[in-house]
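Worksheet for the structure shown next.
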Amino acid sequence: MGAIGVSLNGVPFYNQYAAPDEPLTNEINSFDQYNGHPTGNSNYHYHIEPLYLTEKQGKDVLLGFLLDGFPVYGPSEDSKQVSNDDLDEYHGHTHATSDYPDGIYHYHTTSEDPYINGNGYYGTPGTFTQ
Ligand SMILES: [Zn+2]
Ligand SMILES: [Zn+2]
């Protein structure tokens, strides 16, 4: 499955499927200590919270952007864990953040499927080339 976005350190985000209609369960075993792994042609990518970023910079920071241009934040906010119940069908919601004090739609990574992005994009996805 192709990239759904890109993190601030340049590593692409992939969705929650290892392959069409195949859940991540088996692939998770191949994730490294930063929750990433390469595909067969060795493009390193993340399907879930990128620990390389959240361990260094915090659980509530801007992590990157999805293909529709909206930002992705970590799994915590205002010192609280974000759960899927806090988010809409696209895995995001709208409010002010430290980077966008006027408020913006944004995605969150969570510890549960679908981890980064839900049922489609909130905005119109563009294209992404590595
Ligand atoms: Zn993968
Ligand atoms: Zn939020």
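All ligand and atom numbering here is 1-based and tracks the order in the structure.
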Check your understanding: Is a donor on one side and an acceptor on the other found under 3.5 Å between the side chain of H47 and the backbone of G36?
Key -> no

**Study point:** All side-chain hydrogen bond (donor to acceptor under 3.5 Å, both in side chains) counterparts of K80, not counting sequence neighbours
**Key:** none

Point to revise | Exceeds 12 heavy-atom contacts within 6.0 angstrom, atom OH of Y52 | key: no

Check your understanding: Can you name the closest pair of heavy atoms from G64 and F13 and give their distance?
Key -> CA-CE1, 4.2 Å

Exercise for review: Give every protein N, O or S atom lying under 2.8 Å from the Zn ion (ligand 2), naming each by residue and atom.
Suggested key: E77 OE1, E77 OE2, H93 NE2, H95 NE2, H106 NE2, H108 NE2

Exercise for review: Kindly assign one of parallel, tilted or perpendicular to the pair Y73 and H108, based on the angle between their ring planes and the thresholds 30° and 60°.
Suggested key: tilted

Point to revise | Heavy-atom pair with the smallest gap, counting every atom of L51 and K59 | key: CD2-NZ, 4.0 Å

Practice item. Take the Zn ion (ligand 1) as the vertex and measure to NE2 of H47 and NE2 of H37; round to 10°. Key: 120°

